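The structure under discussion appears below in the form of structure tokens.
This one's a predicted model, so the numbers in the text were calculated from it and none came from an experiment.
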Amino acid sequence: MSKKKILIVGGTGYLGQHLLQSYNANQTSQSHSYDLTVAFTYHSTPLPQPLLDAFPDSQSFHVDFKSAIGFESISNAFGQPDVVVNCAAISVPRACEIDPASAHAINVPSSLVKWLQSFQQNSTLLIHLSTDQVYEGEKSFYKEEDIAIPLNVYGKTKVAAEKFISENCPNFVILRSSIIYGPQTLSPVPKSLPIQWIDGALSKRETLEFFHDEFRCPIYVKDLVTVILALTNQWLSDRVSRVQMAEAVAQFRGHDTSLIKPVSASSVDRGVKSPADISMDITRLVQTLNINPVSFKDGVKLTLTTEAKR
């Protein structure tokens, strides 16, 4: 199986830890034709021991978004990732109001994008977490094409991040999330989790005030993780090299994969120019026709199984 590299930026945070857990659980799966190597970044030190114990095979890197210190270490020890999930953020609106300069430096991932630009191949998918607070809140059920008019510094930094990524990153997905809720992480995060906080206060019979005129679309953390894993799988599965095509056939048939010798296309004179990467994004086709094309691995299985019956 081919090796694919996943980098979780902000891996010690709430969503980051849930992603670490799910990516590691899916490192080797029969549902895809690749193995995952997972690494993550962190900012606060020391690194929580429960994470080190739970994911001993995942490399960790200390990274500072403001100075960009730490990215070179990732290049040297881990290499270019196939997928980067950026969960790093100052996500408390009040903290952003108090220190807008720090909020902009962290929430607009310019150092991350510039690091990705340093690689020769534009083959990395960046999945960036944004927020529902990019909207002004004057109507219900905003859509992707609605104009973003943020009311606070947090929302403004997230709009700036979306703009910077769309202008400087060739492969990206921006996910605008609302309040993320769910179970506590392996290494408990310091911030209050909404469901646990409400439950804890009410169990103590404390009287609480809640806004009756502020509406959100909270998302269960496992659902958000499922979305990110699906995006990852689509990016890694739908685009295959000639070597991966041969390996898929060999793996299904039980052939010796050592017979497959990877070589660079530029090393062979075929008498005609051939484009290196013409993988295509078929998202619009899938959405319009409501179809689910089979993965290449499953297509190989269907092809050879059909051939065997003839």
Side-chain angles (χ1 to χ4, degrees), residues 8-11 13-23 83-97 103 106-109 125-166 172-185 189-202 208-235 283-284 286-288 290 292:
I8 303 170
V9 178
Y14 183 68
L15 177 59
Q17 288 194 49
H18 279 284
L19 283 170
L20 258 178
Q21 199 166 3
S22 293
Y23 273 126
V83 176
V84 173
V85 186
N86 181 30
C87 306
I90 298 178
S91 58
V92 179
R94 187 177 299 176
C96 294
E97 297 292 330
I106 303 301
N107 291 349
V108 182
L125 173 67
L126 173 61
I127 302 175
H128 176 77
L129 273 297
S130 191
T131 176
D132 53 359
Q133 295 208 33
V134 300
Y135 301 118
E136 63 180 336
E138 294 296 326
K139 68 167 197 169
S140 304
F141 299 111
Y142 283 89
K143 296 181 174 61
E144 292 87 346
E145 60 268 20
D146 286 325
I147 298 174
I149 307 176
L151 300 181
N152 53 41
V153 171
Y154 175 53
K156 290 174 181 177
T157 62
K158 284 297 193 176
V159 170
E162 293 183 9
K163 185 174 186 294
F164 185 84
I165 290 170
S166 63
F172 66 90
V173 175
I174 293 172
L175 297 176
R176 290 175 177 167
S177 170
S178 186
I179 297 169
I180 304 172
Y181 70 95
Q184 182 59 276
T185 47
V189 292
K191 71 175 184 178
S192 296
L193 300 179
I195 304 303
Q196 288 85 337
W197 173 75
I198 294 171
D199 180 53
L202 292 177
L208 303 173
E209 293 182 342
F210 294 93
F211 304 126
H212 66 80
D213 53 358
E214 190 172 292
F215 301 90
R216 307 289 287 275
C217 288
I219 182 167
Y220 185 57
V221 65
K222 302 292 186 181
D223 287 338
L224 184 53
V225 167
T226 297
V227 170
I228 294 171
L229 291 180
L231 288 168
T232 299
N233 188 52
Q234 180 179 342
W235 179 255
T283 303
R284 184 173 297 179
V286 170
Q287 292 175 343
T288 302
N290 193 28
N292 285 303

Open item on the list: Any heavy-atom pair between the side chains of Leu15 and Val85 that's under 4.5 Å?
Closed with: no
Review point. Counting N and O atoms only, with roles assigned by atom type, does the side chain of Asn107 sit under 3.5 Å from a partner on the main chain of Tyr154, one being a donor and the other an acceptor?
Key: no
* Asked: Do Val189 and Gln17 have side chains that get closer than 4.5 Å, going by heavy atoms?
  -> yes
So CG of Asn152 and CZ of Arg94: to nearest 0.5 Å the spacing works out to 12.0 Å
I'd like to know if the side chain of Asn233 reaches the main chain of Ala230, judged simply by a donor and an acceptor atom lying under 3.5 Å from each other, with no hydrogens or angles considered. no
Any chance CG of Leu208 has more than 12 other-residue heavy atoms, nucleotides or ligands included, within less than 6.0 Å? yes
Interatomic distance, OG1@Thr185 vs CG@Leu20, rounded to 0.5 Å, equals 10.5 Å
Is any side-chain heavy atom of Val173 closer than 4.5 Å to one of Trp235? no
For this session: Give the C-alpha distance, both sets of side-chain angles, the deciding distance and a yes or no for side-chain contact (heavy atoms from CB on, under 4.5 Å) between Glu162 and Val134.
Result: CA-CA 10 Å; Glu162 293 183 9; Val134 300; 4.0 Å; yes
Cation-pi check, Lys139 onto Tyr142 ring (under 6.0 Å, within 45° of axis)
yes
All heavy atoms of Ile219 vs all of Asp223, minimum pair found to be CG1-CB, 4.2 Å
Checklist line | Verdict with supporting geometry, Leu224 and Leu129, side-chain contact (heavy atoms from CB on, under 4.5 Å) | finding: CA-CA 10 Å; Leu224 184 53; Leu129 273 297; 4.1 Å; yes
Distance col, row Ile174:CD1 vs Ile127:CD1, nearest 0.5 angstrom, shows 11.5 Å
Scanning both residues in full, the closest heavy-atom pair of Cys87 with Gly10 reads CB-O, 4.1 Å
d(Phe141 CZ, Phe215 CZ) to nearest 0.5 Å is 10.0 Å
The reported gap from CD1 in Ile228 to CG in Leu19 (rounded to nearest 0.5 angstrom) is 4.5 Å
All heavy atoms of Ile179 vs all of Pro194, minimum pair found to be CG2-CG, 4.0 Å
Correct closest heavy-atom pair for Tyr14 and Pro183 would be OH-O, 2.8 Å
Do Pro109 and Ile165 make a side-chain contact, defined as non-hydrogen atoms from C-beta onward lying under 4.5 Å apart? yes
Q | Heavy-atom check, side chain of Thr226 versus side chain of Ser22, under 4.5 Å | A | no
Here the pair of heavy atoms bringing Val153 nearest to Glu97 is N-OE2, 2.8 Å
Output for pair (Ile198 CD1, Tyr181 OH), nearest 0.5 Å, gives 11.0 Å
Greater than 12 external heavy atoms within 6.0 Å of Lys222's NZ: yes
Closest non-hydrogen contact found for His128 with Lys158 is NE2-NZ, 4.2 Å
**OP:** Answer yes or no: does atom CD of Glu209 have more than 12 heavy-atom neighbours from other residues, nucleotides or ligands under 6.0 Å?
**Re:** no
message: For Pro150, is there any backbone N or O sitting under 3.5 Å from a side-chain donor or acceptor partner on Gln133?
response: no
**Beyond-backbone contact of Cys217 with Asp132, side-chain heavy atoms, under 4.5 angstrom** = no
**Prompt:** Side chain of Gln196, backbone of Gly182: donor and acceptor closer than 3.5 Å?
**Reply:** yes
